[in-house]
There are 2 protein chains.
Amino acid sequence: MPTIKDVARIAGVSVATVSRVVNNAPKVSEKAKAKVNKVMEDLGYTPNANARALVMQKSTTMGVVIPDLTDPFFASLANGVEEAARENKMQLLLSTGMIDAESERKAITLLIEQQCDVLVVHSKKLSDEEIIKFAQKKPGLVLIDRYIKEIGNRCVWLDNLEGGKTAARHLLSLKHTEFACISSKYKIDDPELRTNGFQSEIEKAGYLLDKDLVEYGDPNLQGGEIATQKLLSTGKKFTAIFVYNDAMAIGAISTLENNGFNVPNDISVLGFDDVLLSRYSRPKLSTLHYPIKDMAIQAANIALAAVSNKTEESSKNNEYKYIPIIVKRESTSTKKAT
Amino acid sequence: MPTIKDVARIAGVSVATVSRVVNNAPKVSEKAKAKVNKVMEDLGYTPNANARALVMQKSTTMGVVIPDLTDPFFASLANGVEEAARENKMQLLLSTGMIDAESERKAITLLIEQQCDVLVVHSKKLSDEEIIKFAQKKPGLVLIDRYIKEIGNRCVWLDNLEGGKTAARHLLSLKHTEFACISSKYKIDDPELRTNGFQSEIEKAGYLLDKDLVEYGDPNLQGGEIATQKLLSTGKKFTAIFVYNDAMAIGAISTLENNGFNVPNDISVLGFDDVLLSRYSRPKLSTLHYPIKDMAIQAANIALAAVSNKTEESSKNNEYKYIPIIVKRESTSTKKAT
DNA sequence: AATATTAATGTAAACGTTTACACCTTTCAA
DNA sequence: TTGAAAGGTGTAAACGTTTACATTAATATT
């Protein structure tokens, strides 16, 4: 690969002049500019971003850590960060921390090694302490989808409790009174918060959420199917289910219909997340919109502001809490008279 | 951020020694190693990958260019490359070239500037010439999802024509004789090849593909719905549809069922790609498996071999052509007697 | 005890840029 | 005509590493 020195030598100028042309800095004659451009073209010269980053002491890469690209939810997250990167003429470094604390730690470390100043990280397994340590080291690190008090102004997160309540309110407003709930068996806060929010709002309205009608499963299609089967086998009656996520909700619908129930006429099904899938299901899935892409963009922007010292004094105590909103499609409806 | 010099100074050794410890090279005393490690820990030192890449003349980043992260198909592609990267202890730089030649060009250029030696690029808009030029400049650039003769051993692609034929054979084997086809209106080769392959195999079997029963639409849910509506409004009879991709196929099923047709009993629907979606549809979608993730991994490995001069002489004329295979689920079945 | 070997460490150049500073040439005002 | 300002260009240091080579210290061999 030709370097700036090659270009300089062949064009008969100094490297400084070439550098000026490349960055179209002022104070370079038209003649020199033309000659240098010509040589660069001929040689197929491409500046070395690494060398540049080294001397400038700042990189043009933005990093994102997610568990898994094939999950549409995380793909949206990455997509948001990518968009922010592109808008700021930066490049996206993506690292996956799939399973455990160790791989999350590694993903973050690798990104730091690559000199990403701006970092959007999704981490569920690392301890608060460790994340705080990372955050202290990198002022441009923003945590997404999780809240840690000590770095509250560097967290962009969704209020899952309120999400559960919103779900309950929606179903309540459709006159439902007998509820079921499908949650995730994963050991993270989200499922529990959603379920708790759901239950508390239902009880507040004077109804009950039967313990037997709360099932746990893997947060995917099959998990939804199995959980629904269990729900059905209790023999207890319910006319509305609040499901942990869209994939499970689609599994629930499938099992319900296979067992002769019409959705939403017999049973309403409400999902969570509003991923692509929900628009592809039949009936189209009613769900809670998790604005993950917007959140990712905001996270990136907060990080960006932090590294460029644009963070205003006033935002030191800001919190970036999002509340999911209902997207009513076809899988929920008013309770039918029986 | 502390540098190697800081570590050296505080540990009372030279930078060379620190470097040796970092890379656990031989010939460094246990005492020195311990001291250096301690200081690194205290300081929270992280090596600078940029500086390292600069002096080593090789980077640890792998680049991938795709149109759009939110499309599950491309997410799988990226996922494959990411996996290959991780396996080789490299980092993934992701760049999107959304729409036009210009943005594709830019995406590739930016990745080259970032010194990615290994590059997996998906490009439909750039001319053959331009891609060849990039490929000449970067020996580690591999093209995915497209074949260019001149750089045949650097292309990993799917035989769409054969895919169309395979689709036809599947439907034919299910005794269908009256076919419809939904294609994409995008100006790329793939839709045309698939349709042509489909048609040719049908004609070879002695049947016809009515021109009126070939519709074009946007390659998404809605496009599939609209195209199906048009198909239906011709009033002509057909018992099997071959659809350009899974999203459209799901749209087709939806419209069909809304119009009183049962899938697959009245009409079989066959998709293409085998993305996540196809497992979530009801009935579960029969489709052609496009092994995009495997292809991406192979592309990355070819690129990797090329930059490390591991490319064997014998593979100079290799071609990496994939053929999609039928995944029979529930949306296709033998033609029912009427 | 002297020497040869090996282990441990350090010095300094190199990687490809940017940019402060110095220098030379023009241009222009007084 | 002189001097100042502005325009154009070059020199060299710096960024954080790795590593060839040089040097010194420790150990083994005679």
Heavy atoms only, 4.0 Å cut-off, all strands: where does [X] land among base, sugar-phosphate and nothing?
X: A:P26; answer: nothing
X: A:V13; answer: sugar-phosphate
X: B:N23; answer: sugar-phosphate
X: B:A25; answer: nothing
X: A:S19; answer: base
X: A:A32; answer: sugar-phosphate

Find the distance [X]:[atom1] to [N]:[atom2] and express it as a whole number of Å.
X: A:K35; N: D:dG8; atom1: NZ; atom2: P; answer: 14 Å
X: B:K27; N: D:dT23; atom1: NZ; atom2: C1'; answer: 13 Å
X: A:K31; N: C:dT25; atom1: NZ; atom2: C1'; answer: 12 Å
X: B:N50; N: D:dT18; atom1: CG; atom2: C1'; answer: 15 Å
X: B:N24; N: D:dT18; atom1: CG; atom2: C1'; answer: 15 Å
X: A:M40; N: C:dG16; atom1: CE; atom2: P; answer: 17 Å
X: A:R52; N: C:dC15; atom1: CZ; atom2: P; answer: 19 Å
X: B:I4; N: D:dT18; atom1: CD1; atom2: C1'; answer: 8 Å

Between [X] and [Y], is any side-chain donor less than 3.5 angstrom from a side-chain acceptor?
X: B:T61; Y: B:Q114; answer: no
X: B:T96; Y: A:E83; answer: no
X: B:K137; Y: A:T46; answer: yes
X: B:D100; Y: B:S103; answer: yes

With respect to the side chain of [X], which nucleotide from [options] is positioned closest?
X: B:Y45; options: D:dT17, C:dA8, D:dA12; answer: D:dT17
X: A:M56; options: C:dT19, D:dT9, D:dG16; answer: C:dT19
X: B:A51; options: D:dT9, C:dT17, D:dG16; answer: D:dG16
X: B:S29; options: C:dA8, D:dC15, D:dT17; answer: C:dA8

For the pair A:W157 and A:Y147, name the ring-plane relationship: parallel under 30°, tilted 30 to 60°, perpendicular over 60°.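 The arrangement is tilted - the two ring planes meet at 30° to 60°.
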
Below 4.0 angstrom from OP1 or OP2 of D:dC15, is there any side-chain N or O of A:Q115?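 Indeed not, no polar side-chain atom of A:Q115 lies that close.
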
Looking at D:dG16, I'd like to know if its phosphate oxygens (OP1 or OP2) sit under 4.0 Å from a side-chain N or O belonging to A:Q57.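 Answer yes for this pair, as a side-chain N or O of A:Q57 is under 4.0 Å from OP1 or OP2.
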
Between A:L77 and A:K293, is any pair of side-chain heavy atoms under 4.5 Å apart?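 They are not in contact (no side-chain heavy atoms under 4.5 Å apart), so the answer is no.
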
Closer to the 5' end of DNA chain C via nearest nucleotide, is it B:V55 or B:K33?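 Between the two, 5'-proximity favours B:K33.
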
Go nucleotide by nucleotide along DNA chain C from the 5' end; which of B:R20 and B:L54 gets its closest nucleotide reached first?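 Residue closer to the 5' terminus by nearest nucleotide: B:R20.
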
